[in-house]
Number of protein chains: 2
Amino acid sequence: MSAPERISKRDATRRENEARILSAAEKVFAEAGFGGATMQLIADMAGLPKANLHYYFATKEELYRKVVQQIFEIWLHAADSFDKAPGPVEGIGAYIDAKMEISRRHADGSKVWASEVMHGAPVIQDYLETTLRDWTAGRAALIQKWIDEGKMAPVDPRHLLYMLWATTQHYADFGHQIETLNGGRTLSDTQWRAAKASVKTIILRGIGAA
Amino acid sequence: MSAPERISKRDATRRENEARILSAAEKVFAEAGFGGATMQLIADMAGLPKANLHYYFATKEELYRKVVQQIFEIWLHAADSFDKAPGPVEGIGAYIDAKMEISRRHADGSKVWASEVMHGAPVIQDYLETTLRDWTAGRAALIQKWIDEGKMAPVDPRHLLYMLWATTQHYADFGHQIETLNGGRTLSDTQWRAAKASVKTIILRGIGAA
DNA sequence: CTCAACCCTGACCATACGGTCAGAAAACGA
DNA sequence: TCGTTTTCTGACCGTATGGTCAGGGTTGAG
């Protein structure tokens with residue numbers, strides 16, 4: 001789209017520092033929760049003095065909010081394949097694949113989101129009431145259409161969506177538990193494939209689409 | 001079992017205070033997380049001076065550990081019906097019912113557990129490695145037996161268990177999100193029944209047991 | 001080269017937290 | 001009733017936290 005603009009040294013370091021801080025913050029918030037996380041810890045992990053964090057992000061809350069927004073954007077994007085699918089097998093199948101992949105690649109973000117919602121969404125309540133509500137209504141309508149067309153069994157679209165969220169995000173949020181039950185080892189590529197396949201098989205058959 | 005023993009006034013108030021504190025702590029830990037919770041807040045909610053909490057529970061960690069243990073016990077107990085069932089329809093169906101009921105009645109406990117596991121289970125790692133590991137192995141074996149007997153489709157028993165945990169606990173842990181998407185209202189009796197039915201229908205059909 | 005705008009940070013501050021303790025109050029057994 | 005054990009609590013303490021700020025360094029447009 002835009003021509004490759006000249007990036008000043010200032011802009012470059014700014015972007016790099018912000019990314020560094022956000023990445024460190026995501027990890028620390030995921031591991032310690034909002035209350036347990038400290039700016040000092042985030043600073044150390046980002047390799048910057050604490051005062052510098054406050055130059056880029058005025059308050060702890062502001063930094064936290066950015067982290068939460070990031071994962072939310074990623075999830076919204078994951079639903080693209082959902083829409084243009086001809087039916088539930090392709091649409092829901094692709095959605096499960098995408099969300100499982102996110103659980104693997106962005107486990108920390110998922111945990112931060114889970115924490116935020118569990119504590120009553122003090123920071124992103126407006127997102128829930130606007131973006132997420134609209135998003136949900138749209139997909140529920142699509143699922144209902146598939147049901148009306150006889151492409152899947154009649155199930156409550158909303159509860160199906162909750163189930164998709166729950167099962168896929170579980171592999172991120174409860175990853176530590178799963179690892180422990182896996183003998184203390186992280187899931188291998190093969191095991192991740194098996195997890196994806198299990199979830200897809202059970203749900204797609206469960207909604208009468210396979 | 002035991003004869004109705006004479007309960008001294010001391011024992012009575014002790015028990016009452018401990019219960020009061022544990023109940024308040026569960027709520028505060030669920031709402032604020034371990035790091036965000038303060039002994040002062042718990043004390044206020046329990047209607048006791050802060051120093052009194054430290055008389056009953058030496059440290060914040062000790063109090064927290066007790067809260068986590070409570071929900072864990074409740075969950076273990078919920079699996080009783082699982083065992084003595086003749087097949088997956090009764091066994092898994094009853095387990096889903098029980099766990100959904102717990103999500104409704106003990107949402108705070110569920111959230112505390114989720115938080116604990118998400119943050120790497122610093123306090124109850126030993127439980128995961130002993131009790132939970134054994135429990136999981138036992139149920140996985142039972143599910144495998146059902147599969148071998150042709151009572152359900154061949155699915156990975158562990159991933160099925162994860163799915164059961166994820167879907168049922170989601171209604172507690174993400175209850176706030178669900179409420180928001182429900183127009184800001186808590187689920188009614190009817191809606192809870194529908195939720196249970198949806199989960200059971202999809203999963204039981206998904207494993208080829210209905 | 002100049003200078004204004006922006007970037008960086010060590011030192012500092014007020015606050016709030018978990019935890020302690022001395023001693024008062026209450027309960028109990030004899 | 002008396003002495004002992006247990007329960008309770010206001011006042012206090014050391015520490016760690018989020019946030020501030022003055023002043024020095026760096027960048028880049030003109």
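Convention: sequence-line order gives letters A, B, ...; per-chain numbering from 1.
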Have a look at [X] and say if it touches a base, only the backbone sugar-phosphate, or nothing, with a 4.0 Å heavy-atom cut-off.
X	answer
A/A37	sugar-phosphate
A/Y56	sugar-phosphate
B/T13	nothing
A/E62	nothing

Please report, rounded to the nearest Å, how far the [atom2] atom of [N] is from the [atom1] atom of [X].
X	N	atom1	atom2	value
B/R15	D/dT6	CZ	P	17 Å
A/L53	D/dT17	CG	P	14 Å
B/E16	D/dC8	CD	C1'	15 Å
B/L63	C/dG19	CG	C1'	14 Å
A/N52	D/dG25	CG	C1'	13 Å
B/D44	C/dC17	CG	P	10 Å
B/M39	C/dT20	CE	C1'	13 Å
A/Y64	D/dG19	OH	C1'	20 Å

Do side-chain atoms of A/S103 reach the backbone of A/T168 as a donor and acceptor pair under 3.5 angstrom? yes
Which nucleotide wins on minimum distance to the side chain of [X], given the candidates [options]?
X	options	value
A/T38	D/dG18, C/dT20, C/dG18	D/dG18
B/E61	C/dG19, D/dG18, C/dC17	C/dG19
B/H54	D/dT17, C/dG18, C/dC21	C/dG18

Check step by step if side chain to side chain donor-acceptor pair (under 3.5 Å) holds for A/E26 and A/H106. CA-CA 10 Å; A/E26 183 175 86; A/H106 300 275; 5.1 Å; no
Are the side chains of A/I178 and A/H170 in touch, meaning some heavy atoms are under 4.5 Å apart? yes
Hey, does B/I42 have a side-chain heavy atom less than 4.5 Å from the side chain of B/L63? yes
Test side-chain hydrogen bond (donor to acceptor under 3.5 Å, both in side chains), reference B/Y127, set B/Q69, B/E116, B/R133, output is B/Q69
At under 4.0 Å, does any side-chain N or O of [X] touch on OP1 or OP2 of [N]?
X	N	answer
B/N17	D/dT7	no
A/R14	C/dC7	yes
B/Y55	C/dC21	no

Quick check: are there more than 12 heavy atoms from other residues, nucleotides or ligands sitting under 6.0 Å from NZ of B/K196? yes
Neighbour count >12 (heavy atoms, 6.0 Å) for atom NZ, A/K27: no
So for the helix from C/dC1-D/dG30 to C/dA30-D/dT1, with five pairs setting each end axis, what is the inter-axis angle to 10°? 20°
Donor-acceptor pair present, B/K50 side chain and C/dG19 base, under 3.5 Å: yes
Please confirm whether the ring centroid of A/W75 lies under 6.0 Å from the ring centroid of A/F72. no
